[in-house]
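Let me begin by presenting the structure, written as structure tokens, before commenting on it.
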Number of protein chains: 2
Amino acid sequence: MKEENATAKERPAKVAKRDPEGVRRDILTVAMEEFSQNGLSGARIDEIAARTRTSKRMIYYYFGDKEGLYQRVLEEAYGKVRGGESDLELDGLDPQAALERLCRFTFDHHRRHPDFIRMVMIENIHHGRHMQVSQTIRGLNRPAIEALEGVLKRGQESGVFRTGVDPLELHWQISALSFFNVSNSATFSHIFGGELFTDDGQERLSAHVAEMVLRYVLRPDHIPTRVQDD
Amino acid sequence: MKEENATAKERPAKVAKRDPEGVRRDILTVAMEEFSQNGLSGARIDEIAARTRTSKRMIYYYFGDKEGLYQRVLEEAYGKVRGGESDLELDGLDPQAALERLCRFTFDHHRRHPDFIRMVMIENIHHGRHMQVSQTIRGLNRPAIEALEGVLKRGQESGVFRTGVDPLELHWQISALSFFNVSNSATFSHIFGGELFTDDGQERLSAHVAEMVLRYVLRPDHIPTRVQDD
DNA sequence: GGCCTTATGTACTGCTTGGTTAATAAGATT
DNA sequence: AATCTTATTAACCAAGCAGTACATAAGGCC
């Protein structure tokens, strides 16, 4: 069990006796769970250390202090959910379909990354105090707006969308609906029951979020009239 | 400074040497600030005690332990924002106006109670674990749904609203937009700038939230056509 | 005015927890 | 192989903090 594979030296081998980057990642992964679960002050460094394959000392070695670790975890969280919008190939769809797809994607994407959502919630509790480094984060979110901007413009040009809809505001609205769905599911379902949070309910919500957005931007005469009560 | 006003014994005087209820309220008020600001684990009992006119001992005397206090604060928060909807006199308005009013009220109401919002955020971080006592809380939120239900029905009967809109879902949507506006203002403005959170921006958002909801429920032929870009 | 219950002040405690000290092992460098 | 830098271990510490023990004062009640 010493070091049977002393070969492969040129490429930094995965299973090196020393593996700083691996240790870093290990810590970050565990820390993300702990922070997103318990918040900044609720998280326990000892707990993180225990669930890591390293020791507490290493956390301080790589991240300085608790806040430093938290900050990196936050950045990590934003990084983990970046992109996506770019892979949607919205340009290949007509504006209406593109917008619907964007909505549904956003809704779903949020749903699939609850720990990211929780990190953002936590950061908001702290008034966004740890986001000053936002240069990175800021850059990651521009594409979302730009994608939306493109779709809106195309829709307006082809006459199916009304004008006077601000892309930033629309992004805000889509985000609100998608974010709230994850962030407040606990309290909401406690109060009103869990119907909306079953698989069925979520599918309905997703559809209706998209519908709401579409009805918001479509010119009234382009809203498809369907059987009124379905 | 002994007790100069030994009179007025029949009515529980405000400035009684002993004032249990006052002490309770004092603690709750301060605790609400501390908890909503710092979360459950971030809040410090000593800090609460210090900012109270009583001592730490009293906190434990009345509330048992930290969680007990938190729980009461949470209930208090829900209680503080209850009602409101009932005072709106929606029945006096046509459905369209009523719905718009309800939206704008909700948006504004959330905005005016940031500490309530924060308590709900915090509780969601804790997966709503402290809301089991929700009988009270549950009751406080029914009226909101009922008000909405009433308006929707009237609108459908008079033919201006389409059918097939679920009141609970619509409430969810309005809540999402109103809640997110407060809960995520820190991170959102960090990323996209603060334009949406100036007085002007908020007025615009409020209007557009209402507009979005209205366009969602109005039958297309009843959507007022206005100058397209305003 | 004794007695019982409710309310309150002071001081203390023990565990939790973020952070550190000191020593050392593994690679890199030459 | 000597040296220097980076990575890692294990034990330790002091402050912070939730919760308590103990004593006692007010007020109600008869």
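Small disclaimer: the values here were computed from a predicted structure and weren't measured. Proteins get letters first, then strands, A, B, ... in listed order; numbering begins at 1 in each.
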Protein-nucleotide distance (Asp65(B), atom CG; dG19(D), atom C1'), rounded to Å
9 Å

Kindly say if Arg44(A) contacts the phosphate of dT17(C), meaning a side-chain N or O under 4.0 Å from OP1 or OP2.
yes

Below 4.0 angstrom, N of the basic side chain to O of the carboxylate: do Glu203(B) and Arg104(B) qualify?
yes

Flag the pair Asp199(A) and Arg111(A) as a salt bridge only when some basic side-chain nitrogen lies within less than 4.0 angstrom of an acidic carboxylate oxygen.
yes

Would you compute the distance between atom CG of Leu177(A) and atom CG of Leu205(A) and round it to the nearest 0.5 angstrom?
9.5 Å

Do Arg118(A) and His113(A) touch side chain to side chain, with heavy atoms closer than 4.5 Å?
no

Rounding to a whole Å, what distance do you find between Glu21(B):CD and dA7(C):C1'?
13 Å

Note: for Arg57(A) and Ala43(A) on DNA chain C, the residue whose nearest nucleotide lies more 5' is Ala43(A)

How would you label the contact of Ala49(A) with the nucleic acid (heavy atoms, under 4.0 Å): base, sugar-phosphate, or nothing?
nothing

Just to confirm, is there a sub-4.0 Å distance from OP1 or OP2 of dT8(C) to any side-chain nitrogen or oxygen of Tyr62(B)?
yes

Let me know the distance between NZ of Lys56(B) and P of dT20(D), rounded to the nearest Å.
11 Å

Any side-chain N or O of Ser55(A) less than 4.0 Å from the OP1 or OP2 oxygen of dT9(D)?
yes

From dG9(C), dG18(C), dA18(D), nucleotide with atom closest to Ile45(B) side chain
dA18(D)

Please report the distance, rounded to the nearest Å, between CD1 in Ile59(A) and P in dT17(C).
14 Å

From OH of Tyr60(B) over to C1' of dG19(D), roughly how many Å is that when rounded to an integer?
5 Å

Length of the line joining Phe63(B):CZ and dG19(D):P, which is rounded to integer Å
14 Å

Check the distance between dC17(D)'s P and Asp46(B)'s CG and give it to me in whole angstrom.
7 Å

Parallel under 30°, tilted from 30 to 60°, perpendicular over 60°: which one fits the rings of His130(A) and His126(A)?
perpendicular

Using whole Å, what does the distance between atom C1' of nucleotide dT5(C) and atom OH of Tyr61(B) come to?
8 Å

